[in-house]
Colleague: 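Sharing a structure, written as structure tokens. Questions coming.
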Amino acid sequence: MRAALLQLEPSFGSVERNVARAAELIASLEADLFVLPELFPSGYSFAARAEVERMAEPADDGPTFAALAEQARRKRAWICYGFAERAAGRYYNSANLVGPEGLAGTYRKLHLFGRETLFFTPGEAAAPVFELPIGRIGVMICFDWYFPEVARSLALRGAQVIVHPSNLVLPHCPQAMLTRSLENRVFSLTCDRTGQERNGAVEHRFIGMSQAVNPRGELLIRLGAEHEETAVVEFDPATADDKRVTQYNDLFGDRRPALYSPATL
Ligand code: ACM
């Protein structure tokens, strides 16, 4: 699998510009799977609900879906991107997985971070695993990394690769994701954004450092902190199916779930 990370620097409120930039970069790269940041069409620093209402789109309609579904069709590739979703009068911080034949599915972020809680409804369905010709792909969004249950549950349901659209503001995630990959023996593709974003009194600085990690918890690549950047990494997702830790230890076989409950439930 060739996987592309598109570490973008969206401009808050400029959906047309942000989507055009992403489409242009996708068109210029050769990959089977493209990962974009969380909420990349709108930007992140919402100050008012009206801004969310103006920029949110249905999962399978609107300018972002149209542009990226078109790229997925042209490239015969899959694209995972974060966006503000509007559905039945609610707003979700969501990620779409779009392929050559259209929308494979949508994940609504379970663990909202900071001011996201003011504007978005948390998802009510488990993070999904998609069985695709290129591999079994699990999806989670940014702050979900802080809850190891999400990556664990994706791995237990067969994910070989966790794609992880992000808008990171805390410094810990890049290091933590080495452990999420190691403890589940899966690939992880964290695609962050960069830059400083100001919208009135609301301001965020994003840490960049998008990365790809292998099932041994080793970095395949980590991008810089400051700039828009892209990278393509190549790996075999099937290597994530080997859960042996030593000759005597199998990661999933050695688990003792009866003794973790009910604390983990
Ligand atoms: C985050 O979940 N965007 C930090």
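Quick note: residue numbers are just sequence positions, from 1. Counting starts at 1 for both ligands and their atoms, following the listed order. Only a predicted model underlies this, so the values are computations on that prediction, with no experimental measurement involved.
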Colleague: With heavy-atom distances below 4.0 Å as the criterion, list the atoms of ligand 1 near Y44.
Modeller: 1 (C), 3 (N)

Colleague: What do the steps show when you test N199 against E51 for side chain to side chain donor-acceptor pair (under 3.5 Å), and what is the final call?
Modeller: CA-CA 11 Å; N199 178 25; E51 294 167 342; 3.1 Å; yes

Colleague: Of all the non-hydrogen atoms in the protein, which one sits nearest to atom 1 (C) of ligand 1, and at what distance?
Modeller: C142 SG, 2.9 Å

Colleague: Between K75 and E30, is the closest basic N to carboxylate O distance under 4.0 Å?
Modeller: yes

Colleague: Looking only at protein heavy atoms, which one is nearest to atom 2 (O) of ligand 1, and how far off is it?
Modeller: K109 NZ, 2.7 Å

Colleague: Hey, could you give me the OG/CD distance between S45 and Q196, rounded to the nearest 0.5 Å?
Modeller: 9.0 Å

Colleague: Hey, does E116 sit under 4.0 Å from ligand 1 if you only count heavy atoms?
Modeller: yes

Colleague: Do ligand 1 and L168 have nitrogen or oxygen atoms that lie under 3.5 Å from each other?
Modeller: no

Colleague: Tell me the protein heavy atom at minimum distance from atom 3 (N) of ligand 1, and give that distance in Å.
Modeller: E38 OE1, 2.9 Å

Colleague: Is it the side chain, the backbone, both or neither of H111 that has a heavy atom closer than 4.0 Å to ligand 1?
Modeller: neither

Colleague: Which bit of F143 gets closer than 4.0 Å to ligand 1, counting heavy atoms only: side chain, backbone, both or neither?
Modeller: both

Colleague: Taking NZ, NE, NH1 and NH2 as the nitrogens, is one of them in E234 or R2 under 4.0 Å from a carboxylate oxygen of the other?
Modeller: no

Colleague: Output yes when R73 and E70 qualify as a salt bridge under the 4.0 Å nitrogen-oxygen rule, no when they do not.
Modeller: yes

Colleague: Salt bridge or not between E101 and R76? Use side-chain N to carboxylate O under 4.0 Å.
Modeller: yes

